[in-house]
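Values below: all heavy atoms of this structure, side chains included; hydrogens, waters and symmetry mates excluded.
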Amino acid sequence: LAFVARTHNAVDEGRSAKTITAALGGLSLVDDDTSGAAGGWKLDVFVNGLRERSPNLRWSDALARLDMPTFALPDSGSFVTLVEIYRRATGMPFPVWACCRHVWT
């Protein structure tokens, strides 16, 4: 989740992208047309792959676990991508508590 959001505008078909693709059953996650808001990631494919591989994934827990020293979003587009992934996965608006409940580490 963090990697896809962080690399929204510079999809690199390197090791990390290949690892995500393999974990989701070899789905094609990178869009050849990078003119869309997702910056090259096929967000619907990503979300559907996560749902298929982890049907009991609790998105609130996933957001809470982003609070770690190595997590960073380099620009507003990364945040928009994170919000969009959450919206597509849950059908709900991004929860403000995910960013504002407490001071992040």
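- Shortest non-hydrogen contact noted between Ala89 and Val47 is CA-CG1, 3.6 Å.
- Between Leu1 and Trp59 the shortest side-chain heavy-atom distance falls below 4.5 Å.
- Here Leu43 contributes atom CG and Arg87 contributes atom CZ; the two are 9.5 Å apart, rounded to the nearest 0.5 Å.
- Side chain of Ser54 to main chain of Asn56: no donor-acceptor pair is present (N/O by atom type, distance under 3.5 Å, no hydrogens or angles).
- Rounding to the nearest 0.5 Å places CZ of Arg88 at 4.5 Å from CG of Asp44.
- By the side chain to side chain contact (heavy atoms under 4.5 Å, CB included) test, Ala2 pairs with Arg6, Leu66, Phe71, sequence neighbours left out.
- Among residues two or more places apart in sequence or in another chain, the side-chain hydrogen bond (donor to acceptor under 3.5 Å, both in side chains) test is passed with Asp61 by Arg58.
- Listed by chain and residue number, nothing satisfies the salt bridge (charged side-chain N to carboxylate O under 4.0 Å, His left out) test with Arg51 (two or more places apart in sequence, or in another chain).
- Of all heavy-atom pairs spanning Pro95 and Tyr86, the tightest one is CD-CE2, 3.4 Å.
- When all heavy atoms of Thr81 and Ala5 are compared, the pair lying nearest together is CG2-CA, 3.9 Å.
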